Amino acid sequence: MARIRLESVGKRYPNGFVALEELSLEIADREFVVLLGPSGCGKSTTLNLIAGLEDVTAGSLYFDSTLMNVVPAHKRDVAMVFQSYALYPHKSVYENIAFGLRMRGHPRAEIESRVKDAARSLEIEPLLERRPHQLSGGQRQRVALGRALVRQPAAFLMDEPLSNLDAALRIAMRAEIKKLHHTMRTTFVYVTHDQAEALTLADRIVVMREGVIQQIGSPEEIYDRPRNTFVASFLGNPPINYLEGTLAADGARFVRGGLSLALPPELSKKIGAENGRQVRLGIRAEDVDPRGTGETLQGRISSVLPVGSDQFLGVEVEGTTLFFRVGRELRAAEGENVALSVNMNRAQIFDSSSGASLLWK
Amino acid sequence: MKGLGRNVLLFTASALFLVYVLAPVAWLVSSSVQQEAEITSRPPHWIPRQPTLENFEAIFQAKEKKVTYETRRAGDPATGGYIPSTARDLVPSMWNSLIVAVSVVVLNLLVAVPAAYAMAKIRYIGRSTSIYFMLTTRVIPDIALVVPFFLFIRTFGLLDHLGSLVITYLAITIPFSVFILVGYFESLPDELDKAARVDGCSRLQTLLRVYVPLAMPSLVAVVLFTFLTSWNEFLLALMFTQTPASQTMPIVVASFASDFTISFSFINAAGVLAVVPPVLMAVVFERYIVSGLTAGAVKG
Ligand SMILES: Nc1ncnc2c1ncn2[C@@H]1O[C@H](COP(=O)(O)OP(=O)(O)OP(=O)(O)O)[C@@H](O)[C@H]1O
Ligand SMILES: [Mg+2]
């Protein structure tokens, strides 16, 4: 029901701190957009601006084509789930969920049926008479979700709703939220600093850093074609590996000391032929194969960390340690030498000094 | 054994403290049901030999009596003592005290609660300055404020009018009330405020529907504080009130002690009456002073 458009939006807090500068973003109706970034990058601030809980200090915010800058929060049709659930401690679970409907003057019978429906879908029906302090963390989280979803708002804003749950519950709730998005058919803006959450939930991910958008794109695009080293590093587990080196053979080879890797033609075409240019080669941890052929990295294994299905290998290559994820069938021991073939089609090349990707033109 | 010694010590200390605090009250209550002769007996009787309610009856009958130098010795048949010349002002002065105290409590809440909410939850320029400024007004001793207050009250023609007391008591109590409430509101998570507004509350509705119910313990503290301050205040009341039309209880009771002759039985009975309303308030509100009301608002 609502398209949300931020045009060069800025936020300067009263203490003079500029949390956002020139943020432009258009969120389509019914889209699931995830704001992703490290702590303090302005994710909650952006959400608060959309909800009307903080004033926009520069630029314009539109819902569809209505300018929202000065519309107070209670007149915007959005629901929000807060980082700390912010349940009303003096109200029962039922009253917590019903409050938003009451304030908007819905008839009593309708409120009751909607609260019951929401409680049923979140499996908190037996808890309706309890007070928030009598609930577990996961239950509180569900109540917070319930409070938002009874409203059937034009947009859902969620600020790290899963950050305090244990790993298993978090994954289960992720699926719930995804399902919710399908059934509610409304716009979702979801804040997290958990890359896995972003990758599973998002239609589009907005990666932010210090109040500036780094990249907007689908999860695949963000993962496969990062615009800079910040985005590349933020996603992936273990994080992407970097090798500093130079371009050679008219952009067809990457050279570092004794290591020389051939770049696929599409890649080198994008980079342009600039011999001797300082670049940073990015190789994702999973983009190596111990049995493959083609371009190979030789190195000495410095650490072996089994992680259930896989194992992480620390490999010393040309003076730096790279971390790779390989299958468990590779019998590796510390101190041994290993040869890993690199899937160069997935390699990233960044400018050494600016960190910008050379694959984006 | 060490634990036992410690307990004995703590018990003794608290018992001593209780005696220290309660003995004067006990004597007040005990002597209010004694006759003048028994009060002045030595050693004092902590337990009255012949308890009597006649002192209290004298107070309520004093309304009709006019006491002069000549008639004072006629005294009161009940107490056998003297009744002060201002005795009949006592009951009206209790009403005055009550009217002033209740007005101050109500007006104080009307001003202090929204002010504290704004200072705690709305970021505006000069926010912290205004809090400190307000508090510094309370660093000035009341005696220094008497003259400016007096001029102010006279200019507005409020001398010898209950309004003068209501206005000045508000000036005294509001800063502290706001201070107490700001502290409490600030301790409530900002996200509660935000949640309420997203749920469709205006600022005022947020205050009334979320903050006020949660702040009950602090509000009770504020109500008790303002009530007691107004009920007990002496200095300003002495300056601004001149006739029984506006005199409050402390002024009238104090005047008993500066009479021709002092009637202890009468003063003590008046003292007991003075204690009743605050005690009743404390009893009524005690059940609202519950802690842990905010538990469960946030993760954790
Ligand atoms: N009221 C405020 N006054 C001044 N600065 C603020 C205020 N609120 C937030 N900031 C600052 O703005 C920046 C962005 O804050 P924000 O809460 O949006 O971060 P975030 O991305 O949500 O981080 P997190 O993941 O830790 O929740 C931070 O540097 C923070 O210190
Ligand atoms: Mg945040």
Side-chain angles (χ1 to χ4, degrees), chain A residues 13-15 44 47-48 50-55 72-91 93 95-106 130-135 137-141 143-144 147-148 150-151 153 157 159-161 163-165, chain B residues 113-114 117-132 181 184-220 287-300:
Chain A
Y13 279 108
N15 68 356
S44 298
L47 225 51
N48 282 333
I50 296 174
L53 297 171
E54 294 280 0
D55 296 328
H74 64 281
K75 302 233 169 88
R76 302 188 186 189
D77 189 19
V78 300
M80 188 155 168
V81 179
F82 291 87
Q83 205 164 351
S84 70
Y85 313 130
L87 303 179
Y88 309 117
H90 59 301
K91 294 183 189 292
V93 168
E95 285 301 321
N96 262 280
I97 298 177
F99 189 61
L101 297 175
R102 275 199 212 295
M103 290 312 298
R104 285 181 164 75
H106 290 269
R130 295 210 197 158
R131 291 287 181 84
H133 70 93
Q134 298 164 321
L135 302 177
Q139 290 167 335
R140 283 178 207 178
Q141 197 274 333
V143 176
R147 192 166 64 174
V150 270
R151 291 255 319 275
L157 311 177
D159 195 348
E160 308 200 23
S163 61
N164 272 38
L165 303 183
Chain B
V113 171
Y117 171 69
M119 287 177 180
K121 293 298 169 196
I122 302 176
R123 313 277 141 185
Y124 57 89
I125 294 166
R127 171 176 157 269
S128 47
T129 323
S130 57
I131 298 175
Y132 287 119
L181 291 172
Y184 189 77
F185 287 163
E186 272 182 344
S187 77
L188 294 176
D190 273 355
E191 293 195 337
L192 219 48
D193 178 74
K194 293 179 172 177
R197 283 191 288 141
V198 170
D199 264 344
C201 292
S202 65
R203 287 280 191 184
L204 188 64
Q205 286 170 322
T206 305
L207 173 62
L208 294 180
R209 290 181 166 249
V210 177
Y211 279 77
V212 166
L214 284 177
M216 218 27 112
S218 298
L219 288 175
V220 168
R287 65 200 184 93
Y288 292 109
I289 310 181
V290 282
S291 54
L293 204 61
T294 59
V298 294
K299 296 179 184 180

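Please read all numbers here as calculations on a predicted model, not as lab measurements.
- The backbone N or O of V198(B) sits nowhere less than 3.5 Å from a side-chain atom of R76(A) that would complete a donor-acceptor pair.
- Remark: the backbone N or O of F82(A) is not paired with any side-chain donor or acceptor of E191(B) at under 3.5 angstrom.
- The side-chain heavy atoms of P89(A) and L188(B), taken from C-beta on, include no pair separated by under 4.5 Å.
- Using a 4.5 Å cut-off between heavy atoms, Q141(A) does not touch chain B at all.
- Taken to the nearest 0.5 Å, the CZ atom of R104(A) stands 7.0 Å off from the CG atom of D199(B).
- In this view, A98(A) and Y94(A), R102(A), I111(A), V115(A) satisfy the side chain to side chain contact (heavy atoms under 4.5 Å, CB included) rule, not counting sequence neighbours.
- Contact of the R197(B) side chain with the M103(A) side chain is not registered, since no non-hydrogen atoms from C-beta on lie closer than 4.5 Å.
- Taking all atoms of both residues into account, the shortest heavy-atom contact from P213(B) to H90(A) is CB-CD2, 3.5 Å.
- Neither the backbone nor the side chain of P72(A) comes within less than 4.5 Å of any heavy atom of chain B.
- Contact of K75(A) with chain B is not made at all, since no heavy-atom distance falls under 4.5 Å.
- Using a 4.5 Å cut-off between heavy atoms, R209(B) contacts chain A through both its backbone and its side chain.
- The two residues A195(B) and R147(A) make their nearest non-hydrogen contact at CB-NH2, 3.6 Å.
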